[in-house]
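Everything quoted here is computed from the prediction, not taken from an experiment. In what follows, every chain begins at residue 1, and chains take the letters A, B, ... in the order their sequences are listed.
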Amino acid sequence: MRRASIWIFLACLCIPSFALYRGEIYSEDLRIQPLRDGRVSTTFSFITVLEGAVPRNPKALGQLDESQHYALFPLTLGQILREYAITELHLTLNAGKWNYDNWGHPHEAGVGTGAELWAWMGASEVTTVDERWSGLRNALSGLFCASLGSLDSRRTLSPTVAFPLSGSTPTFAPHELRHASLPSESVCTENLTPFLKLLPCKSHAGLAALLNPQKVFDADWHGMGIHVTWKEDTGVELKLILQAVFNPVRTSTGKRRDWNLQSLFDRSIERSCPVASSSSVTVILPEEKGYQITPENPAHVNGLVIYDLSSSSNFTIPSNIAMYWPSEHSFQYPLPPLTPVTPLSVKRIIHGTTQTRGVLSISVTNNSPQEISAGYLEMMPALLTLWMHTLKVEVNSQIRNDLLSGLKYHPPSPQSNDRLSPSMLQAVLTIPPKTTLKISMEVNKAFLKYTEHPPDAMRGWDLPGAVFFPLPQSSHDTSSSYDWERIYTPTLLVDLPTPDFSMPYNVIILSCTLMTLIFGSIFNLLTRKWVVVEIQE
Amino acid sequence: MDRIRGFLMRPRRPDANVARLRRRKQLAAYIYRNLTKLTSALFIIGYAWMLLIPIPLLSRGTYIDENALQPAQVNTYWNWGNVHTADLQLYQLDGIRERNFTSEQRAELFRTEFSKLGLAASIQNYTFSTSKGTISGNNAYAVMSSPRAAGTEAMVISASWLSTAGHGALNLRGISTVLSLAAFLKDYSLWAKDIIFIISDDYLHGMHAWLNAYHGTIPSNLHTDPLEHTSGVIWTALNIDYSSHSFSHLGVFHEGLNGRLPNQDLINSFRLISHYTGGVPMTVYDHLEPSDSVDRSPEQSIFPSWVPPFIQQSPQLQQYGYGVRNVVRHIGYQARGMCSGVHGLMHQFRIDAITLFAVPADGPHGFYALGRIVESTLRTMNNLLERLHASFFFYILTSPGTFMKIGMFLPSAILVSVAMLFKGLGEWVTAGWVYEMSEASLKGNETEKPSPAKDTWRNRRRPLLSALIIVVATHVLGVLVFNLVCSRWFAEHPSFLAPTIFVAVSVIPPILLPLLSTNAPEAAPTSMLLKSSNLCLASTVISIMSLLNFSLAAMLAITMGVPLATSYTSSSTMTSRLRYAGYCMLAWGWLVLVPGEVESAIWNWEVLGVWFAPFICIVYAPLVMQAAIVCLQGS
């Protein structure tokens with residue numbers, strides 16, 4: 001009797017997790033795309049939708065919140081979102097440099113190196129946006145084991161044009177944006193584990209079973225993203241993204257570009273996630289022929305092969321999905337001249353070898369036969385001072401200031417805690433077809449107080465990459481432009497004037513000697529009594 | 001408070017003050033009386049110290065200062081398959097040497113080789129314009145973006161087309177090593193920094209053009225396009241020079257332009273790696289240690305052949321001789337501001353770099369050892385979390401395992417400079433006094449008490465103006481000569497213009513000198529004031545140079561120390577003319593005596609920006625000329 005009641009109790013506990021909870025939909029997808037340089041790009045997306053849910057009204061922050069009952073939506077994240085009344089949240093943690101020229105645009109735009117966090121919040125008198133931003137940073141940094149807590153006022157800005165609300169705009173309060181990035185943040189297993197814990201099936205079933213840290217973190221590029229948006233007609237959507245670019249040519253013995261799920265991840269999908277409403281693997285087929293893909297699937301749609309893995313479908317889980325080039329002995333890299341895959345390619349460097357000044361130069365190339373207008377955003381920590389009067393726009397070494405418009409520049413502003421906010425430079429560039437536009441401006445490097453230097457002072461300071469973004473289009477001229485998303489340039493490392501911290505003993509001796517000399521002689525002069533002394537010969 | 005003040009300001013006994021002032025006076029008088037002894041002692045100690053620099057007693061063992069480096073602590077993966085790749089590359093390079101490929105064709109070939117590996121490769125064309133015409137070439141380079149790395153830092157492996165070995169030796173094996181390393185290194189995901197492979201044209205100017213383009217510091221006489229591919233900040237670099245068919249030792253060349261040196265940690269780590277990973281002993285330059293070169297001692301010994309064998313074979317003297325060769329070679333590079341290899345161009349961009357020179361021999365090492373050593377060295381450089389900053393930047397390598405700290409060699413030049421300063425100040429004091437005969441006291445204006453001595457010392461004015469005019473004029477003359485030497489005319493007719501300039505600069509001062517109004521008889525003579533200012537100026541120059549470039553300061557101390565201190569006005573016209581001619585020879589003699597050096601110094605200045613040529617023309621020669629004019633003045 002006693003045993004039976006325990007069984008019944010356990011069964012009751014299990015029912016909600018196996019039955020699809022009303023109002024919560026979970027779906028997962030894996031996109032695999034072979035790239036032209038032999039690499040394979042993989043994008044996992046895990047989407048949970050809370051149907052009919054509405055972000056918390058920040059004006060009601062003082063009052064008791066409605067109770068939170070989720071079956072699939074992660075409670076830890078839900079609590080953070082409710083606690084700080086976040087309408088939209090984007091967090092990305094990436095390692096490596098996304099190679100737009102060879103890999104094209106990523107499936108998820110946030111590929112800036114390091115950590116990037118931005119959130120839209122409604123304004124309220126109860127708790128200010130900045131207070132909630134600070135709380136959000138610290139909460140997320142605890143949740144994801146990342147140093148997001150250091151994204152303080154020295155790194156926070158509000159670039160609303162480049163990072164607009166991607167969902168609907170709630171009407172209950174005017175909304176504000178907070179954006180910060182930390183280029184030196186490195187991403188590793190300790191970030192992946194909490195990421196997997198947010199999934200309903202963790203890494204036990206479904207596509208997430210493939211996420212083997214040893215393989216994912218050996219990829220040429222990897223990154224994860226958490227995106228929370230609100231859409232009026234559906235509700236709150238949580239999108240967990242994990243992207244990785246594998247290099248089978250490097251890891252295979254015969255330098256071939258053949259890949260299969262087993263070789264990429266060293267894992268296989270044993271069972272599907274029972275709560276997933278849809279679960280699929282999509283392979284984007286390359287344009288050139290000569291490949292073979294197994295298992296054969298007749299469902300070729302627009303160069304895509306889709307394998308449905310969900311338990312509801314009658315398709316059995318394929319043990320392995322593989323693609324191979326039977327006629328190729330070893331992979332031959334395409335030889336130059338190579339045209340970049342993306343219409344825009346961007347380079348950004350800091351020139352100059354001194355520790356006091358330099359030149360920031362950006363070159364943007366339009367590879368397409370059409371004119372492209374792009375927004376250019378620079379969010380520069382106050383370590384560098386940009387000199388706007390030296391801003392030069394050149395095309396073929398001719399000054400073309402007419403190609404730059406809508407220039408907005410906010411110099412670093414002092415904050416209440418005696419720190420400087422970053423400076424923000426935003427402009428619209430018009431790049432003629434098949435040309436390279438060069439922007440250069442002189443910069444001064446800051447002279448820091450010695451307490452402001454990090455422990456690895458001789459490394460230099462990481463500067464976040466610039467962002468190029470499509471301009472908000474009015475509806476009538478969408479036909480002329482192509483569809484693209486934000487482009488991040490690689491981050492930079494800059495040397496600031498650094499004292500020699502490695503020789504504290506010498507520094508102490510030298511400065512003490514100097515102090516003693518100055519003090520001694522002045523003290524001597526102050527306390528001396530001046531008299532005339534007669535000396536007889 | 002008052003008590004404290006009273007305590008601090010308690011009056012000294014008057015006689016104590018008097019005694020103190022007397023003591024001070026006596027000391028000054030003592031120094032002045034023994035000035036000659038003092039300066040001679042300083043000179044002797046200084047020069048003797050310079051001679052003692054190579055003795056093992058003053059050196060100490062090298063050690064690794066930066067903990068992150070962890071040299072020779074990794075398993076290397078370079079294997080015989082990679083050696084085979086290198087051999088195939090070498091076969092291809094031999095082919096292009098036989099077919100006499102042009103610079104463009106070579107660069108195109110290297111670019112294709114890099115592209116086949118999937119690296120972002122490109123070619124840089126450049127042209128330098130100099131007074132001797134234009135120099136152009138083509139560099140090929142490739143950037144390997146390391147997996148997962150942000151690409152903010154980079155390491156460089158380079159090889160130049162020509163080898164350090166000279167005589168037109170081609171660095172074919174060095175280039176094959178770089179090409180095969182590129183194929184090998186890209187298969188590993190452990191790199192935290194980007195790796196840049198460069199095959200630079202010619203010997204020095206190719207890399208110079210590439211570095212300037214990379215850092216955006218393109219000088220006005222260089223024409224080149226911006227680089228197509230870039231990476232992050234370059235911290236460390238290895239240049240590979242392997243021209244012979246096999247090698248017995250790996251020599252390290254480390255001197256950079258204008259006397260800069262790389263951080264010593266790089267050399268020390270390389271020494272450990274070379275020894276423990278590759279089993280190849282490291283040497284300084286291509287000098288083999290006495291213990292290594294038993295069979296080659298005749299051509300490597302510093303002793304002339306008439307020295308008895310028991311002296312030649314004494315281990316201490318052999319060790320000293322080995323030290324002398326290293327130090328002299330080091331001073332030869334550093335004093336002239338020359339770099340000892342392609343790596344030396346990088347130091348000015350804060351890149352710590354060395355050249356690995358495969359010392360030609362019949363064996364036993366080749367690509368296998370070199371590949372393993374370079375791989376392991378790259379792993380060590382890859383470990384760096386910060387720039388190399390812990391170890392020394394000022395040092396002299398006396399042998400692979402020993403070095404001298406700055407405190408052990410700097411005093412030698414400083415002592416000479418102090419001696420010159422004392423001499424100059426002594427001259428200044430002497431100029432301020434005149435010895436008067438007793439007639440002056442005879443004239444006697446109501447001096448009741450008879451003076452104890454009949455002769456007296458009297459103060460006199462020291463008008464510096466005419467001496468200063470001479471100083472400024474000589475330096476202006478130096479600037480003029482420098483501009484002439486760097487002009488197109490000089491490049492076209494050096495054999496005619498060099499003697500002409502030499503005669504002109506030697507003859508002009510005696511002609512112009514009478515135009516200068518001499519000082520009034522009651523004032524100090526210009527020659528004394530000139531000598532004093534000359535000595536003080538030269539001493540300051542030596543002290544300052546000793547911190548920037550010790551070798552140059554030591555050479556200045558040797559060439560200017562005693563000659564400037566012993567310049568004096570001779571009573572006989574003949575002697576003073578002869579002395580003048582001698583000083584002129586010391587100042588400008590290089591124009592006629594070493595035309596080859598002049599040419600290379602000008603090339604170094606125009607293309608590489610080495611400060612040696614302007615320094616000699618504008619600072620050194622005018623200083624010696626001032627001493628020459630001192631000799632001329634009394635006559």
> Roughly how far, to the nearest 0.5 Å, is the CD atom of Glu386(B) from the OG1 atom of Thr498(A)?
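Reported to 0.5 Å precision, the distance equals 9.5 Å.
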> At a heavy-atom separation under 4.5 Å, does Asp225(B) approach chain A through its side chain, its backbone, both, or neither?
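Asp225(B) has no heavy atom closer than 4.5 Å to chain A.
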> Which residue in the set Thr113(A), Leu492(A), Asp462(A) passes side-chain contact (heavy atoms from CB on, under 4.5 Å) when paired with Thr152(B)?
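Option passing the side-chain contact (heavy atoms from CB on, under 4.5 Å) with Thr152(B): Asp462(A).
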> Identify which part of Phe331(A) has an atom lying under 4.5 Å from any heavy atom of chain B, answering side chain, backbone, both or neither.
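Neither the backbone nor the side chain of Phe331(A) comes within 4.5 Å of chain B.
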> Return the NE2 to CD1 distance between His215(B) and Ile350(A), rounded to the nearest 0.5 Å.
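Between His215(B) NE2 and Ile350(A) CD1, I get 12.5 Å after rounding to 0.5 Å.
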> Closest approach of Glu228(B) and Lys347(A), non-hydrogen atoms and distance?
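Result for this residue pair: O-CE, 2.7 Å.
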> Sort Ala213(B) into side chain, backbone, both or neither according to what part of it lies under 4.5 angstrom from a heavy atom of chain A.
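Contact with chain A involves the backbone of Ala213(B) alone.
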> Is it the case that more than 12 heavy atoms not belonging to Trp325(A) sit under 6.0 Å from its CH2 atom?
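Yes, CH2 of Trp325(A) has more than 12 neighbouring heavy atoms, counting only those of other groups under 6.0 Å.
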> Could you grab the distance from atom OH of Tyr188(B) to atom CZ of Arg250(A), nearest 0.5 Å is fine?
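Rounded to the nearest 0.5 Å, the OH-CZ separation comes out at 11.0 Å.
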> Quick one: do Met458(A) and Trp235(B) satisfy side-chain contact (heavy atoms from CB on, under 4.5 Å)? Show the steps, please.
CA-CA 11 Å; Met458(A) 297 302 284; Trp235(B) 280 358; over 6 Å; no
> How long is the gap from CG on Leu335(A) to OG on Ser115(B), to the nearest 0.5 Å?
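It comes to 6.0 Å.
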> Side chains of Arg459(A) and Leu384(B): does their closest heavy-atom pair fall under 4.5 Å?
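Contact flag for Arg459(A)/Leu384(B) side chains = no.
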> If you define the side chain from C-beta out and look only at heavy atoms, does anything of Leu493(A) sit under 4.5 Å from Glu153(B)?
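Result yes, sub-4.5 Å side-chain heavy-atom pair found.
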> Out of Thr217(B), Leu190(B), Leu385(B), which one racks up the most heavy-atom pairs below 4.5 Å with chain A?
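Ranked by heavy-atom pairs under 4.5 Å with chain A, first place is Leu385(B).
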> Taking Gly151(B), Ser146(B), Ala149(B), Ala121(B) one by one, which has the highest count of heavy-atom pairs under 4.5 Å against chain A?
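When all of Gly151(B), Ser146(B), Ala149(B), Ala121(B) are compared, Ala149(B) has the most.
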> Between Leu117(B) and chain A, with a heavy-atom cut-off of 4.5 Å, which part of the residue counts as in contact: side chain, backbone, both or neither?
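Contact with chain A: backbone only.
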> In Å, rounded to the nearest 0.5 Å, how long is the span from CG of Asp187(B) to NZ of Lys255(A)?
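One gets 3.5 Å once the value is rounded to the nearest 0.5 Å.
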> For the side chain to side chain donor-acceptor pair (under 3.5 Å) test, which of Thr251(A), Asn247(A), Asp220(A), Asp218(A) pairs with Ser189(B)?
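Of Thr251(A), Asn247(A), Asp220(A), Asp218(A), side chain to side chain donor-acceptor pair (under 3.5 Å) with Ser189(B) is met by Asp218(A) alone.
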> So Ile349(A) and Thr230(B), do their side chains get closer than 4.5 Å, heavy atoms only?
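Yes. Closest side-chain heavy atoms under 4.5 Å.
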> Measure Asp495(A) against the heavy atoms of chain B and call it side chain, backbone, both or neither at under 4.5 Å.
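The side chain, not the backbone.
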> Report the distance from atom CG of Asp37(A) to atom CG of Leu119(B), rounding to the nearest 0.5 Å.
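Between Asp37(A) CG and Leu119(B) CG, I get 11.0 Å after rounding to 0.5 Å.
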> Run His222(A) and Arg148(B) through side-chain contact (heavy atoms from CB on, under 4.5 Å) and show every step you take.
CA-CA 7 Å; His222(A) 57 80; Arg148(B) 297 163 307 181; 3.7 Å; yes
> NZ of Lys392(A): more than 12 outside heavy atoms within 6.0 angstrom?
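Not more than 12 within 6.0 Å, no.
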> How about NE2 on His229(B), more than 12 heavy atoms from neighbouring residues, nucleotides or ligands closer than 6.0 Å, or not?
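Buried by this count: over 12 neighbours within 6.0 Å.
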> Of the backbone (N, CA, C, O) and the side chain (C-beta and beyond), which part of Arg350(B) lies under 4.5 Å from a heavy atom of chain A, both, or neither?
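It is the side chain, since no backbone atom gets that close.
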